[in-house]
A.B. asks: 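Take a look at the following structure, please.
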Amino acid sequence: MRGGRVPDAVSWAAMNEQPQQAAPGRVVVRFAPSPTGYLHLGSARTGLYNYIFARRHGGSFILRIEDTDLSRSTDEAILQIIGSMREMGLDWDEGPELPGPHAPYRQTERRPIYHEYIQKLLAGGHLYPCFCTTEELEAERRAAQAEKRAWVYSGKCRALPAEDVERRQAAAEPFTLRMHVPPGKTVFHDMLRDAVEFDNDTIGDFIVQRSDGTITYNLAVVVDDVTMGITHVIRGDDHLSNTPKQVVIYKALGAPVPEFLHMPLLFGTDKKKLSKRHGATKLEQLTAMGYLVEVVRNYLCFLSTEFDESMITWTMDDLVEKFDVLKLGTSASIFDPDKLRWMNGRFIRQLDDVALGERLEEYLARVGFYGASAAVEELAKLGPEALAAEVEGVETAPALLVAPDVEQEALTRRLAPLVREKMDVLADFVPIAGWFFRPLAFSAEAAERLAGTAAAAETLRMAAAGLAELEVYDVEHIEALIRDLPARLEAKPKPVFAALRLGMSGQSITPGLFESLWVLGRDAAVERLTTAAALL
RNA sequence: GGCGCAUUCGUCUAGGGGCCUAGGACGCCGCCCUCUCACGGCAGUAACACGGGUUCGAAUCCCGUAUGCGCUACCA
């Protein structure tokens, strides 16, 4: 089935004994990352969808930090995640540093709430203490496996006599609290797949409170979502199998079950979860290569959906207005760097001179180009990835951010229109136009190529002389002069152009010849060509 | 092992029984344009996982099988 249609309220209500839609009014969604590291692109996508969904429906968007796993969570990661979300243009109505009516927003600070709800469940008879040891459980599991039976907890402690429980608790025997999962089926609604059904026998009485008194993920999520009034849970596909357990808890609490939307996962090129091996896995790495945030953002949205070229330049407002999460497919998609690159190129090409100039300047400053152009040029010649790898620490070392001086700034601005059609990512600027920012230099290979070009010396000298005498130094006059050169030298045009390009820049790939000579200015152009001629 | 979800060109996808000799986009290949590299234009390459049904007719509906992923934890 191709997901995407929301069943009408009537048919859906008929499927469930309880009305499903929580509050028919206001939409409340949340994004709940675990702060165990930077914001992964897959999570970023989840955050984005939540944001779009909230804004689209005039609802509110809550940022919640799931840091119950203390050993792996850090405050630094929280800051990083918030930073990435902001960079992507997301904002939220409530969150750790933005207290609202549902504070606090870190699970570690919500413990009293969880225990309050544990008491409720206990009082309702939905929980029971389980004294089974890890060893006993392990034995049960192995036995089941040996008989090729599905293993779920036997429920051995479910019917323990009250006096037994009291005695063992008095004796300080460690115990966990298990959810009493009723027989029957659990059905919930997923906005992309309609009804999803699980047999409760396959769920088994799961642990809700550990023997050390801490709370388990599935309980925490439900309590948080209930107390925060979440109406739509939008999260990764990997949670689909957790959902029936959570629904059991909702029902036990008598709380309205929210709508769910489990979005397809994001994979790397080998169909495995996107990881470092695949290259970039976070926004900052991509921007360090010169991808533009809005392009990455749009790309993330359009995965799992039909793609239309006009979407490349959509703004966040466009996304909110036109992007429908219900149109999402249900199968995982693979992150394709080639397509992103193409999109980025398209985006760059529709930028006007001023906008592109700004982007370039900002980017070049960030990667340290204005401070150490030669070093950055070396890296860039190895590719955007090499450059990005080197500047990865830049957020934590802002000293690398070197602003351009007046001359560098002007040069960058003038170069923008010349390089636009040659770039896919901003890093491409450096190998193509980096030479403008430093004195003429030849690699051994370039020098050899220049020397091997027919009549190179005469070409360079004649061009230099001609440029020096040009009455008006503009692109038009430069072009007329250069175009006339082959005839005067009785040479073919190609080698003439090649010699000039090499003599001017020291390399054989550059922006347009005439425009480049113009951007250099008469003096610099003449000087460069003369210097090159002298080498021959 | 059990349960769940998924499966259309290499990749992202269109497709809701006849409009499908399966459409678009990226990539790749070729041509045109051209001062290099590109941009742009044009053309080409390439897919319904497999097997059974249902039907006059199936990529589309049903049933199996295979494969991938997820859950099956006192992880989140």
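Keep in mind the model is a prediction, meaning the values are calculated, not measured. So you know, we letter chains A, B, ... as the sequences are listed, proteins then strands, and number each from 1.
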A.B. asks: Taking only N and O in the side chain of Arg210(A), is any of them less than 4.0 Å away from OP1 or OP2 of rA76(B)?
C.D. replies: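 Indeed, a polar side-chain atom of Arg210(A) lies that close.
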A.B. asks: Say we look at rC33(B) and rC69(B): how far apart would their C1' atoms be, to the nearest angstrom?
C.D. replies: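 47 Å, rounded to whole Å.
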A.B. asks: Could you tell me whether Asp338(A) contacts a base, only the sugar-phosphate backbone, or nothing, with contacts defined as non-hydrogen atoms closer than 4.0 Å?
C.D. replies: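 Answer is sugar-phosphate: Asp338(A) comes under 4.0 Å of backbone atoms only.
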A.B. asks: When the C1' atoms of rG4(B) and rC9(B) are compared, how many Å lie between them, rounded to an integer?
C.D. replies: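 Per the computed distance, 29 Å lies between those C1' atoms.
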A.B. asks: For atom C1', what is the distance between rC3(B) and rU8(B), given to the nearest Å?
C.D. replies: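 To the nearest whole Å, 27 Å.
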A.B. asks: Taking NZ, NE, NH1 and NH2 as the nitrogens, is one of them in Arg359(A) or Glu294(A) under 4.0 Å from a carboxylate oxygen of the other?
C.D. replies: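 Salt bridge flag = yes for Glu294(A) with Arg359(A).
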A.B. asks: Quiz question: going by heavy-atom distance under 3.5 Å, is there a donor-acceptor pair between the base of rC35(B) and the side chain of Arg501(A)?
C.D. replies: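 Result: at least one qualifying N/O pair found.
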A.B. asks: Within this structure, what is the CD-to-C1' distance between Glu306(A) and rG15(B), rounded to whole angstrom?
C.D. replies: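 So the CD-C1' distance, Glu306(A) to rG15(B), works out to 10 Å.
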A.B. asks: Fit a plane to each ring of Tyr153(A) and Tyr128(A), take the angle between them on a 0 to 90° scale, and name the class: parallel (under 30°), tilted (30 to 60°) or perpendicular (over 60°).
C.D. replies: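 If you compare the ring of Tyr153(A) with that of Tyr128(A), the planes turn out parallel.
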A.B. asks: Please measure how far the C1' atom in rA46(B) lies from the corresponding atom in rG10(B), and state the result in whole Å.
C.D. replies: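 These two C1' atoms come out 9 Å apart once rounded.
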A.B. asks: Work out how far the P atom of rC63(B) is from that of rG23(B), and round it to whole angstrom.
C.D. replies: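 Rounded to whole Å, the distance is 30 Å.
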A.B. asks: Tell me the closest heavy-atom pair linking Gly506(A) and Ala446(A), and the distance in Å.
C.D. replies: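 Looking at all heavy atoms of both residues, the shortest contact is O-CB, 3.3 Å.
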A.B. asks: With heavy atoms under 4.0 Å as the rule, sort Ser211(A) into base, sugar-phosphate or nothing.
C.D. replies: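 The residue Ser211(A) makes base contact.
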A.B. asks: Between Arg346(A) and rG40(B), does any side-chain N or O lie under 4.0 Å from OP1 or OP2?
C.D. replies: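 Yes, because at least one side-chain N or O of Arg346(A) sits under 4.0 Å from OP1 or OP2 of rG40(B).
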